> 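Input: one structure, supplied below.
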2 protein chains.
Amino acid sequence: MEELKDNKEFFKEHGIKNTKQRNIIFEVLKQANTPLTAEQIFLKVKKVDKSISLSTIYRVLNTFISKEIAVKLTIVEDNTSMFELNRIDHEHYLVCMGCNKTVDIGHCPLGVYENSLEETTNFDIVGHKFEIYGYCPECKNKERLTKN
Amino acid sequence: MEELKDNKEFFKEHGIKNTKQRNIIFEVLKQANTPLTAEQIFLKVKKVDKSISLSTIYRVLNTFISKEIAVKLTIVEDNTSMFELNRIDHEHYLVCMGCNKTVDIGHCPLGVYENSLEETTNFDIVGHKFEIYGYCPECKNKERLTKN
DNA sequence: GTTAGTGCAAAATCTTTGCATATTT
DNA sequence: AAATATGCAAAGATTTTGCACTAAC
């Protein structure tokens, strides 16, 4: 359980207690390579801890966000938030509006832009959201058929 | 009422009926220079049409979105959607997490990027969301005080 | 006259919160 | 022991929907 020891240290650095629930949620987020909804996280966590509640998921995620461990973003087309770890060297996503498939679009090109914006606006910039949406090759055809 | 005649034509082009409610909502969106929440739109529209219902606001906005007349975006930190007209030559926003103030960040630099992405991914790209968030000069200081 | 849109109230969804209990430090 | 975190159930908030009625074409 080497990873738990690391997490313990990690949580300590962020000034929050090291609980079983936070560990599981953190591991789920680490292993995910796309953003997840609270519900998806809930289901994954439940496999390990049957008795966890959805409100704990939300509370832990909000704690992670306030400590800048995680970030929240919103996929277009419905109103549910998605969560992922706040990776410094992060990616962005191209989201299919047909099937919700997400595709990484490579290294984030916005760091430099943010720096120049901080200078011109005097804002203290914390982060950004950038998502591109459309239809994937498979859904493109379906879309075309239903539209005509 | 020259503008109503224009709107009538505009709605016809998009294959939707020209109703009083749609006209008012469209005018509200035209006059807004920042994205608005459904509730904000509701309140503005109510000044002109006291009997409009919030569900009509949502239905009209969803119609506008499906016809690509408007776009929906989500400001970080809460879960309410915001709406604005789908301007081809659009802007993006820098949002203050302290006071929700928004600042335009100039002409959108992402059109070219989308084109190259369409080629590499074979997606049919419909649009994107891009928001940068942080703390404005005024809230920066407040933030610093409450954190220590 | 037909089709599409609206208002209302009710439902559905997503998220937060109060409170008692449990866990962490 | 004190401070935080959790589970549960209940409440809040936002958005959608069924249905009868109305307006637009």
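All chains are named by letter (A, B, ...) in the order of the sequence lines, taking the proteins before the strands, and each is independently numbered beginning at 1. Just so you know, these numbers come straight off a predicted model, no measurement behind them.
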> Base, sugar-phosphate, or nothing: which does A/Thr19 touch, judged by heavy atoms less than 4.0 Å apart?
sugar-phosphate
> Quick check, are the ring centers of A/Phe64 and A/Phe83 under 6.0 angstrom apart?
no
> Does a side-chain heavy-atom distance below 4.5 Å link B/Val48 with B/Glu27?
no
> Among the nucleotides D/dT15, C/dG5, C/dT15, which one has an atom lying closest to any side-chain atom of A/Ser81?
C/dT15
> Would you state whether a donor and an acceptor, one from the side chain of A/Lys20 and one from the base of C/dT23, lie under 3.5 Å apart?
no
> Look at all strands and tell whether A/Arg59 reaches a base, only sugar-phosphate, or nothing, counting heavy atoms closer than 4.0 Å.
base
> From OH of B/Tyr58 over to C1' of C/dC8, roughly how many Å is that when rounded to an integer?
16 Å
> Does B/Thr56 have a side-chain nitrogen or oxygen under 4.0 Å from the phosphate oxygens OP1 or OP2 of C/dT6?
no
> Please tell me if B/Asn62 has a side-chain N or O lying less than 4.0 Å from either OP1 or OP2 of D/dT16.
yes
> According to a strict under-4.0 Å criterion, is A/Gln21 in side-chain N/O contact with OP1 or OP2 of C/dT23?
no
> Could you verify whether a donor N or O on one side chain and an acceptor N or O on the other, from A/Asn23 and A/Asn18, lie under 3.5 Å apart?
yes
> Rounded to the nearest 0.5 Å, what separation is found between the CD1 atom of A/Ile25 and the CD1 atom of A/Ile57?
4.0 Å
> Starting from P on D/dA13, measure out to CE on B/Met82 and report it in whole angstrom.
17 Å
> Between P on D/dA5 and CD1 on A/Ile24, what's the gap in Å once rounded to a whole number?
16 Å
> Quick check: any donor-acceptor pair below 3.5 Å linking the side-chain of A/Ser55 to the base of D/dC8?
yes
> Would you say the base of C/dC14 and the side-chain of A/Thr37 have a donor-acceptor pair closer than 3.5 Å?
no
